[in-house]
J.: 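I have a structure I would like to understand better, so I am pasting it below and will then ask my questions one at a time.
We're numbering straight along the sequence, starting at 1. For ligands, and for the atoms within them, numbers begin at 1 and follow the listed sequence.
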Amino acid sequence: MFTTEYLDLPPLASAGGSVTLPGSKSISNRVLLLSALSGGTTTLHDLLDSDDTRVMLDALRALGCGVTTQGTTTVIVGLGGELPAGPARRLFMGNAGTAMRPLTAALAVLGGDFELSGVPRMHERPIGDLVDALRQLGCAIDYLGQPGFPPLRIGRPRLALGAPIQVRGDVSSQFLTALLMALPLVAARDLVIEVTGELISKPYIEITLNLLARFGIEVRRDGWQRFTIPAGSRYRSPGAIHVEADASSASYFIALGALAAPTPGQPGVRIEGVGADSIQGDIRFIDAARQMGAQVRSGANWIEVSGPAVAAGVPARLRAIDLDCNHIPDAAMTLAVMALYADGPSTLRNIASWRVKETDRIAAMAAELRRLGAQVDEGADFLRVHPPVRWAAARIHTYDDHRMAMCFALAAFNPAGLPVRIEDPKCVAKTFPDYFEALFSVAQAPSDAIPVICIDGPTASGKGTLASELAHRLGYHYLDSGALYRLTALDARRAGLELDTAHEEAIAARARVLPLRFAGDKVFLAAVDVSEAIRTEAAGMDASRVSVLPRVRSALTALQLGFRRLPGLVADGRDMGTVIFPGAPLKVYLTASAARRAERRYKQLISKGFPAILDSLRADLEMRDARDSSRSVAPLKPAEDALLLDNSDLNIAQSIDRVLQWWQGKQPFGAGPSG
Ligand code: DC
């Protein structure tokens, strides 16, 4: 998962391959609550693990449910429709509407002493219609802030179950879902819910009804106006439930298959975990994508997508659409971004509910599409997108809205070949923590379009610290090429080889198939953790010895090139800029005086508990500098186009800032904060 302030996506060229998507948020949070309200044990397979489900799980634990997770299986020991008595409980709902609304209803009918709050945006998301409906039933609910919005206090109800309960259906379908899930807890008699106003997002109600049936509740429905929970209804755990992959998350990959050129040799983008027969309403996104020209095939639990048929060798553009999107409110955001690639203006209608989601999605979508160069018309409940005449390199503001981040990543396929900056990319954790990793597993860019920052320099110049921190900030991969030479030398030593020319071929042969594995900060050679062993001074000296052997160097070349993967790479070493990545857009030659470097290495070793003598460290590193710089193959020297950074008098933060400034200066986004 990315933890950076922004993520720059280089221009992407094609897509193909297979991706497995995480579980549906809507199903996950519903089955969690239903399992908690049922008696006994429910085993949930492939539950989504994200911010919103964590919010629900934390709340259920606080209410006394048993929760255990092992791998992709979560076991819930339910409460059997009764809350254990306890002191006042404060439950934090983050920004999860799918937790806030149903829990409010369930707790309000069961009664107790609760406070439900969330992040500031949650306190701007309406809940008044649900509270009004629950108050008709005799529930005790108070607003702790603004009337009509969380936070809420819930007390003990005096239930009056005679009359039908009225609830508005035209703001959020979650209010009706919340009542449908709460009322079976108190269904001593037939309970009737009447919807006022046109019910929006009906497919989400279908998910609710479908899952209620799995938990033993057969709701009677008259059209979309009247729902009856039969007297005597009681939750019964189905024992086990498999959660489908999230159909809204699938929309990004369906769009990807539709709008990106196919990767040669791949039939398209294949999505595992959900099929066209899904119970999730957003699966109907497939129909909209088809209208735009996507070719979609599907079977049980899979979908395969490719773009419009190629006519006369020319790939057709997506077709513009004019669509009522009320039935796919979340996935319709993806259509807005697909519209950038269409052959004319597209109109998305009946999307007023966008205004009360994680952010005002109509305003947000319009603003960010405009940054890319599109002309956008926006109304109370519609959006019209005219594809850009001229694309612009844009910094996309994401409004703490996971779907903004996810759908705008698709703009990186723009025909102008411009990068796209996604601000606050970690907001995808709400529903799809590994979204970008999944995207990069099926999207391709030509290798030379994947950015590389090279940090070369002599030993102990601070390359490793600088490069790994830069990689972290940018969300890029990190290559510590010195570690490869250190591993090669260690491996050769352990095989009993002398590190000299006589053994060059034997060492190179082993280097070509080094059984190495990087895991976080650790490095393994076969199954052995050698993270410490390769960091000693002796291991560094050995690395310097094997690194003069030309065949060893070339044996390690392919391995190093393999680190150039989306979305980018920061590589440190001696010849990153001169030999391995000569076309890299930024090369830094990092150095510091020998005295400073010896001093730093001394402190580093002492702090790790290794013995060290300052003078001999300095002599050793001067000897290594001499060998690394004088060898015939790939000697240590600045690339012609490298920027020199002498960090003798800079601390780490200053060095990082300097290089980041250089890097920003090379981006097409312009300086300063987003406007
Ligand atoms: O950066 P380091 O101290 O981990 O590197 C160990 C040795 O490996 C260094 O003395 C020379 C060699 N090396 C190299 O020749 N080329 C690189 N790209 C990286 C390291």
Side-chain angles (χ1 to χ4, degrees), residues 452-471 478-493 499 501 504 507-508 511 514 516 518 521 523 525 530-564 569-582 584 587-592 594 597-598 600-602 604-605 608 610 612 617-639 642 647:
V452 182
I453 302 177
C454 298
I455 313 283
D456 285 308
T459 192
S461 56
K463 301 184 302 296
T465 313
L466 174 64
S468 64
E469 181 57 25
L470 278 175
Y478 169 50
L479 166 60
D480 169 5
S481 62
L484 304 183
Y485 290 94
R486 287 168 183 262
L487 285 160
T488 302
L490 184 72
D491 171 73
R493 282 262 187 237
L499 310 182
T501 322
E504 179 170 357
I507 301 170
L514 266 189
L516 57 84
F518 291 91
D521 288 344
V523 194
L525 200 50
V530 293
S531 322
E532 302 249 311
I534 61 163
R535 288 293 148 210
T536 64
E537 284 306 285
M541 200 57 98
D542 278 357
S544 179
R545 286 196 187 97
V546 294
S547 73
V548 300
L549 305 171
R551 276 187 267 178
V552 170
R553 298 200 76 81
S554 60
L556 292 175
T557 304
L559 186 58
Q560 296 175 78
L561 292 175
F563 277 78
R564 188 171 199 170
L569 174 67
V570 184
D572 85 51
R574 305 290 187 288
D575 61 344
M576 296 299 99
T578 48
V579 176
I580 305 293
F581 303 110
K587 298 173 187 173
V588 176
Y589 190 82
L590 187 69
T591 185
R597 289 187 283 134
R600 287 179 193 157
R601 178 56 55 92
Y602 177 79
Q604 205 179 34
L605 289 170
K608 285 189 187 158
F610 293 119
L617 278 174
R618 179 169 172 167
D620 277 2
L621 69 84
E622 283 175 340
M623 188 164 89
R624 261 170 77 186
D625 284 356
R627 179 166 40 217
D628 293 347
S629 318
S630 63
R631 67 184 177 219
S632 57
V633 183
L636 169 67
K637 61 167 192 220
N647 69 3

J.: Could you check whether R601 pairs with E537 (Lys NZ or Arg NE/NH1/NH2 to Asp/Glu carboxylate O, under 4.0 Å)?
T.: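 Salt bridge flag = yes for E537 with R601.
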
J.: With heavy-atom distances below 4.5 Å as the criterion, would you say the side chains of Y589 and I455 are in contact?
T.: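 Side-chain contact under 4.5 Å: no.
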
J.: Under 4.0 Å between a side-chain nitrogen and a carboxylate oxygen: does that hold for D456 and R574?
T.: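 Salt bridge flag = no for R574 with D456.
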
J.: Taking the basic N atoms (NZ, or NE/NH1/NH2) and the acidic carboxylate oxygens, is any pair closer than 4.0 Å for R631 and D575?
T.: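 Not counted as a salt bridge, because no side-chain N and carboxylate O are separated by less than 4.0 Å.
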
J.: May I ask you to say whether R486 pairs ionically with D542, meaning some side-chain N is under 4.0 Å from a carboxylate O?
T.: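 Between D542 and R486 there is no salt bridge, as every charged N stays at least 4.0 Å from the carboxylate O atoms.
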
J.: Would you give the length of the straight line joining atom CZ of R618 to atom CG of D620, rounded to the nearest 0.5 angstrom?
T.: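 One finds 12.5 Å between CZ of R618 and CG of D620.
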
J.: For ligand 1, give me the residues whose heavy-atom distance to it is below 4.0 Å, by chain and number please.
T.: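 For ligand 1, the residues that come within the 4.0 Å heavy-atom cutoff are T459, K463, S481, G482, Y485, R486, A543, S544, S547, R553, G573, R574, D575, M576, R624, D628, R631.
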
